[in-house]
Peer 1: 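My questions all concern the structure below.
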Protein chains: 2
Amino acid sequence: MNFDPQTLRFDDKGLIPAIAQDADNGDVLMMAWMNADAVARTLQSGRVTYWSRSRQAFWVKGESSGHVQELVEVRVDCDRDCLLVLVRQTGPACHTNRRSCFYTALRDGAEVEIMRPMAGPG
Amino acid sequence: MNFDPQTLRFDDKGLIPAIAQDADNGDVLMMAWMNADAVARTLQSGRVTYWSRSRQAFWVKGESSGHVQELVEVRVDCDRDCLLVLVRQTGPACHTNRRSCFYTALRDGAEVEIMRPMAGPG
């Protein structure tokens with residue numbers, strides 16, 4: 001791999017925001033954070049891997065839930081301080097079991113739930 | 001407006017990331033930052049307004065360039081620490097004159113430009 005993740009611009013915690021987008025229908029699924037090693041692991045493994053700020057550990061998306069994100073393509077923005085990650089998402093991306101984390105819309109000053117949790121395997 | 005932007009979760013600089021998505025075709029156009037007042041101004045004015053970290057000032061998108069973002073809908077994620085902003089984008093969203101800031105793809109370890117600047121009005 002010629003691309004060097006260290007050439008990205010990380011914040012003062014060494015992190016860069018990564019937006020996960022459904023490669024098939026364009027839905028924005030979630031936003032999480034990566035450090036340089038998480039970017040490298042994502043590119044090398046093909047499994048989208050974030051850095052969990054709460055656990056201070058690598059977070060291979062779906063490792064425990066099975067709701068993995070297969071990498072399709074990483075894109076870098078003009079300032080090199082944000083990533084767009086195109087993925088094939090298995091099941092829900094959100095820990096609430098919804099397809100996307102962005103299930104709350106602001107409409108006429110009120111919060112409206114626009115997406116229901118997905119049905120489980122049972 | 002009943003929705004109170006102060007109920008969002010801002011970082012230690014009082015900012016929240018806002019992902020701008022083309023409401024018509026789903027393209028992710030850019031990511032920038034808002035503070036609580038920028039969120040309120042966006043909702044009240046219908047013109048997407050960020051907080052410029054470099055200038056430390058409100059940034060009404062397109063105010064100088066004419067490349068405005070008309071607000072369609074704001075969505076909040078499950079953790080309330082990221083916004084998805086659906087917009088009608090006039091012209092390019094990126095300061096490089098490209099439609100989207102995410103015009104660089106990582107393919108086979110190399111950076112590939114996948115989008116050209118838009119033609120100007122002249």
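Source: prediction; values computed, not measured.
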Peer 1: Regarding B:R53 and A:D11, does a basic nitrogen lie under 4.0 Å from an acidic carboxylate oxygen?
Peer 2: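 Salt bridge: no.
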Peer 1: Tell me whether A:M34 shares a hydrophobic cluster with A:F10, the cluster being built from Ile, Leu, Val, Met, Phe, Trp, Tyr side chains joined at under 4.5 Å.
Peer 2: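 Both belong to a single hydrophobic cluster.
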Peer 1: Please determine, among A:I114, A:V112, A:D79, A:D27, the option with the most heavy-atom pairs under 4.5 Å with chain B.
Peer 2: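 Ranked by contacts with chain B, first place is A:I114.
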Peer 1: What heavy-atom pair brings B:R75 and A:F102 nearest, and what distance separates the two atoms?
Peer 2: CD-O, 3.8 Å
Peer 1: Work out which heavy atom in A:C78 is nearest to a heavy atom in B:T96; give both atom names and the distance.
Peer 2: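 Closest pair (atom of A:C78, atom of B:T96, distance): CB-CG2, 4.3 Å.
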Peer 1: Is the shortest side-chain heavy-atom distance between B:E111 and A:V76 below 4.5 Å?
Peer 2: no
Peer 1: Please state whether the side chain, the backbone, both or neither of B:C94 comes within less than 4.5 Å of a heavy atom of chain A.
Peer 2: side chain
Peer 1: Can you confirm whether B:Q21 sits close enough to A:Q21 that some side-chain heavy atom of one is under 4.5 Å from a side-chain heavy atom of the other?
Peer 2: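 Yes - at least one pair of side-chain heavy atoms lies under 4.5 Å apart.
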Peer 1: Please look at A:N25 and chain B and tell me whether the side chain, the backbone, both or neither of the residue comes under 4.5 angstrom of a heavy atom of that chain.
Peer 2: neither
Peer 1: Any side-chain heavy atom of A:M31 sitting closer than 4.5 Å to one from B:I19?
Peer 2: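 Yes, their side chains come closer than 4.5 Å.
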Peer 1: What part of A:R80 is in contact with chain B, defined as an atom under 4.5 angstrom from a non-hydrogen atom: side chain, backbone, both or neither?
Peer 2: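 Answer is side chain: those atoms of A:R80 sit under 4.5 Å from chain B.
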Peer 1: Following the transitive rule for hydrophobic clusters with a side-chain heavy-atom cut-off under 4.5 Å over Ile, Leu, Val, Met, Phe, Trp and Tyr, establish whether A:L86 and A:V68 coincide in one cluster.
Peer 2: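 A:L86 does not cluster with A:V68.
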Peer 1: Same cluster or not: are A:W51 and A:L8 linked, directly or through other Ile, Leu, Val, Met, Phe, Trp or Tyr residues, by side-chain heavy atoms under 4.5 angstrom apart?
Peer 2: no
Peer 1: Distance from B:L84 atom CG to A:M30 atom CE, nearest 0.5 Å?
Peer 2: 13.5 Å
Peer 1: Would you say A:F58 ends up clustered with A:W33 if hydrophobic residues are merged whenever their side chains have heavy atoms under 4.5 Å apart, either directly or through other cluster members?
Peer 2: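 Both belong to a single hydrophobic cluster.
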Peer 1: Using heavy-atom distances under 4.5 Å, tell me whether B:D12 contacts chain A through its side chain, its backbone, both, or neither.
Peer 2: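 Contact with chain A: side chain only.
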Peer 1: If I measure from the heavy atoms of chain A, does B:L106 come under 4.5 Å with its side chain, its backbone, both, or neither?
Peer 2: both
Peer 1: May I ask whether A:V48 and A:V60 are part of the same hydrophobic cluster, defined by side-chain heavy atoms of I, L, V, M, F, W, Y residues being less than 4.5 angstrom apart, directly or through others?
Peer 2: no
Peer 1: Which one of B:A110, B:C82, B:G26 has the most heavy-atom pairs closer than 4.5 Å to chain A?
Peer 2: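 Top option by heavy-atom pairs under 4.5 Å: B:C82.
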